[in-house]
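Excluded from the calculations below are hydrogen atoms, water molecules and symmetry mates; all remaining heavy atoms, backbone and side chain alike, are included. Quick note on labels: first sequence line is chain A, next is B, and so on, each numbered from 1.
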2 protein chains.
Amino acid sequence: MNDPAPPPSGPLAGVRVLELGHFIAAPFCTRLLADLGAEVIKVEPPGGDPVRQWGRQVEGGGAPWWSMHARNKQSLVLNLKHPKAVGIVLDLVKGCDALVENYRPGQLARMGLTRARLDAARPGLVVAHVSGYGQDGIYRDRAAFGVIGEAIGGLRYLTNHPPEASDLPPVRVGVSIGDSIAGLYAAFGVAAALFARDRRGGDGRGRTLDVALTESVLSMMEGMLPEYGAFGTVRHPTGSRIATAAPSNAYPTADGAWILIGGNSDPIFERLTALMGRPELAADPRFRGNALRVRNVEALDALIGAWSAGYAARDLDRMLAEADVPATIAYTAAEIAADPQFRARGMVREVEDPAFGTVLHAGIVPHVPDDPGAIRWPGPGPGAHTDAILRDALGLSPGAIAALRNEGVVA
Amino acid sequence: MNDPAPPPSGPLAGVRVLELGHFIAAPFCTRLLADLGAEVIKVEPPGGDPVRQWGRQVEGGGAPWWSMHARNKQSLVLNLKHPKAVGIVLDLVKGCDALVENYRPGQLARMGLTRARLDAARPGLVVAHVSGYGQDGIYRDRAAFGVIGEAIGGLRYLTNHPPEASDLPPVRVGVSIGDSIAGLYAAFGVAAALFARDRRGGDGRGRTLDVALTESVLSMMEGMLPEYGAFGTVRHPTGSRIATAAPSNAYPTADGAWILIGGNSDPIFERLTALMGRPELAADPRFRGNALRVRNVEALDALIGAWSAGYAARDLDRMLAEADVPATIAYTAAEIAADPQFRARGMVREVEDPAFGTVLHAGIVPHVPDDPGAIRWPGPGPGAHTDAILRDALGLSPGAIAALRNEGVVA
């Protein structure tokens, strides 16, 4: 951090957030807050957040994910097991608007960071707790594994081929999406709570956000629960299809990639069958209208798949675009990195990182064109800001900081 | 709506939002805003939002999903193609804090609802646009199909078995998760923009949120993009496993359900092998430590699967819980509805709906224990609030309302 960073920009500029987080959910929440301009102090244990080593690492250690996951944050290494740590956290809280944490429920209070002490340090502090199952109830002390929480929220059961197509287990989506969704809900809650507190005529009160991974996932499950309540019917997996629309599927290509085609409206289906050189299919009594196409989807998908398998994925992608049929290759990282739309909108950005060289970051969502956030710096090394924070936020002298370091309180 | 509804509660109480939305993304955004207390006026076309008919319907029409998707909202049926409609929208905007829409990019302006006219009607209006690809760029006019956008964001490619395990296509997660994630990002953006506008010392400015489904999905993809940038390596699907942790998988049971087990720390793995009656496996040189377990995961998963297949899912669930091994049945709607934790925390709620009887709703996320939102009423019939809105918000007389109805402007 030798170059002075640009000042924070975005709707949350001026907000200060303390993160007592690790792994994914709380740090993803604070990444989003920081992307929109909040100053985030991330408290890390000696050795750093374990997520620094998640995924493929460079020689000497460190995973490029960190560059994005911790961007714009200040890193303070603090040994929360040391008796002096709680006082330092409370001193930091005095200057903060919000605290975001994802320790096990009750752990903060056991460390001495009770709500009463936090409120005394900073009346009006917004506190976001992110956990697997919530801050109360009979499951609250269960280990918050993402794969477990996603299954309890109902996502995993549906992410599967129907039993007649496969006896393989339901698929994981490839990322810990439940953690990230919970983090996003927490960010929404923090912004809403700050608004309620600080709006003109606001009540100045801090609020508590109690965000559970299981519940965050459940809230995305559309009509699954209302249908069960109304009809007693359980929704079952439909594999790569949509139960109520056809054709809509992933189809094979000559080079092994999958192409998604959404051809389920009548005009699009006509364009698709014309492109296939099979215009008569649009008038075929099996395929006239979406309802009949859904009923005869096996036959229809077999016809489309036999056609698509004759072309390379890139050629299909181009042909379908020219025919105005919604379609895409299933993007890998390579297609994402090369996509002109992502590049033009700053959603794939090259960020120089002293630890990793040029790293690609996803951009800032939501995009706020008239007040954009910024990537001010990539994820810092552990304790990169320890001295600056203790000096600027707590007013400690170099000698006092050195003493804390010698005692093993900070690093 | 004969009973007077309770007053709005939650951090966004007092905020007024106009929704020009349909399908999932924008209406999901406003559901979240309304859950936290915002008043939402939903503008529907004659006949209503098509999502009223999505999923299984009751006799006479109407899907129970609507009960949840449109809860707490006021429905105004307005024919946006009628020349008088734009004036009514602008009059409504005068009393609103935010506008949320998901028409095709540019459509609002083509209808006469340019940013300049919106700002003139309500200086400081926050405007959230939700779309497939964003409000600018070469893809902006593409049809915003959720399955296409999720594939462009990188989610679909990874939601698959590895090619050596299956030649079936990558799986859809069973819901339009990209739409819901985009809606959640928009809700976060609206709250942040309201904060920036209205905080003490705030600038009073409206802000624009330009939320794309593709970008919302991409932002959840963890280290996929940074790794590609740093190493040039493309992340590939790992099916039901986690690439870097073992054992963590969905395992078969005697009754056909799947059980998720996360046994990838050494102490948990010891407890799991003891429960299996195979304590020697914890000391097996193939399985000592997570790294070796990952290397020999096929053999390990075969052993665990052979064991799990001998028990009914419910028995396994109980046995694993007693042994303190993180695990769960892959919940269907039935397990979700019966789950005591969801019930105790209000995350599965019975809501009386005049159209559907007792409907189960997912609760309010984020949970704000010291300022909870509320489910004030279920999704209303089309135009249920037309008269009240025209009378209370626009001050129209019964005669003026009747005239607008006769002209086909409202319903």
Side-chain angles (χ1 to χ4, degrees), chain A residues 11 55 64-65 68 137 139 143 145 148 151 156-159 169 171 173-175 180 185 187-189 191-196 198-199 207 209-211 215 218-220 222-226 228-230 234 240 250 260 262 326 328 330 332-333 341 344 347 356 359-360 362 365-367 371, chain B residues 11 55 64-65 68 137 139 143 145 148 151 156-159 169 171 173-175 180 185 187-189 191-196 198-199 207 209-211 215 218-220 222-226 228-230 234 240 250 260 262 326 328 330 332-333 341 344 347 356 359-360 362 365-367 371:
Chain A
W65 181 14
M68 185 169 85
Y139 294 175
F145 281 37
I148 308 293
R156 188 63 176 265
Y157 177 73
L158 289 180
T159 309
V171 176
V173 302
V175 291
S180 295
Y185 266 112
F188 167 47
L194 289 172
F195 169 78
D198 291 350
R199 66 185 300 190
R207 279 165 178 80
L209 293 320
D210 172 0
V211 177
E215 298 165 359
L218 174 57
S219 78
M220 317 296 268
E222 302 180 350
M224 182 193 67
L225 193 59
Y228 179 77
V234 170
S240 59
L260 283 294
T328 183
T332 69
Q341 179 81 355
M347 287 298 153
F356 305 109
V359 177
L360 296 180
V365 183
H367 177 46
D371 189 12
Chain B
W65 180 16
M68 184 169 84
Y139 294 176
F145 281 37
I148 308 293
R156 189 63 175 265
Y157 177 74
L158 289 181
T159 309
V171 177
V173 302
V175 291
S180 295
Y185 266 112
F188 167 47
L194 289 172
F195 170 78
D198 290 349
R199 65 185 300 189
R207 280 167 178 78
L209 291 320
D210 172 359
V211 177
E215 298 166 0
L218 174 58
S219 79
M220 316 296 268
E222 303 181 349
M224 182 193 67
L225 193 59
Y228 179 76
V234 169
S240 58
L260 282 294
T328 184
T332 69
Q341 178 81 354
M347 286 299 154
F356 305 110
V359 177
L360 296 179
V365 183
H367 176 47
D371 190 13

Proximal component of A:F145, with respect to chain B [non-hydrogen, under 4.5 Å]:
side chain

Which value, rounded to the nearest 0.5 Å, describes the distance between B:M347 atom CE and A:S219 atom OG?
8.5 Å

If one checks every heavy atom of A:M68 against chain B at 4.5 Å, the contacting part turns out to be side chain

Chain B interface, residue from A:T328, A:V359, A:L209, A:D210 that has the most non-hydrogen pairs under 4.5 Å:
A:D210

Name the member of A:G55, A:A187, A:A230 that forms the most heavy-atom pairs with chain B at distances under 4.5 Å.
A:A187

With chain A, which of B:G137, B:P11, B:A250 has the greatest number of heavy-atom pairs at distances under 4.5 Å?
B:P11

Mark yes or no for whether B:R156, through its side chain, and B:I148, through its backbone, hold a donor-acceptor pair below 3.5 Å.
no

Report the C-alpha distance between B:S240 and A:V171 in whole Å, list the side-chain angles of each, state the deciding distance to 0.1 Å, and finish with yes or no for side chain to side chain contact (heavy atoms under 4.5 Å, CB included).
CA-CA 4 Å; B:S240 58; A:V171 176; 5.7 Å; no

Among A:Q341, A:R207, A:M224, A:M220, residue most engaged with chain B (heavy-atom pairs, under 4.5 Å):
A:Q341

Quick one: of B:A192, B:A196, B:A362, who has the most non-hydrogen atom pairs under 4.5 Å with chain A?
B:A192

Any idea which heavy atoms bring A:F195 and B:D198 closest together, and the distance?
CE1-OD2, 3.6 Å

Among A:P366, A:P226, A:A191, which residue forms the greatest number of heavy-atom pairs with chain B at distances under 4.5 Å?
A:P226

Only pairs of heavy atoms separated by less than 4.5 Å count here; which of B:V175, B:L218, B:L158 has the most with chain A?
B:V175

Quick check for you: to the nearest 0.5 Å, what is the distance between A:T332 atom OG1 and B:L225 atom CG?
10.5 Å

Distance col, row B:E215:CD vs A:H367:NE2, nearest 0.5 angstrom, shows 8.0 Å

Which residue out of A:A143, A:G189, A:G262 racks up the most heavy-atom pairs below 4.5 Å with chain B?
A:G262

For chain A, which of B:Y139, B:Y228, B:F356 has the most heavy-atom pairs under 4.5 Å?
B:Y139

From the list A:V211, A:D371, A:V234, the residue making the most non-hydrogen contacts under 4.5 Å with chain B is A:D371

Heavy-atom distances under 4.5 Å only: say whether A:A344 touches chain B with side chain, backbone, both or neither.
neither

Partners meeting ring pair (Phe, Tyr, Trp, His ring centres under 6.0 Å) with B:Y157 (sequence neighbours left out):
B:H236

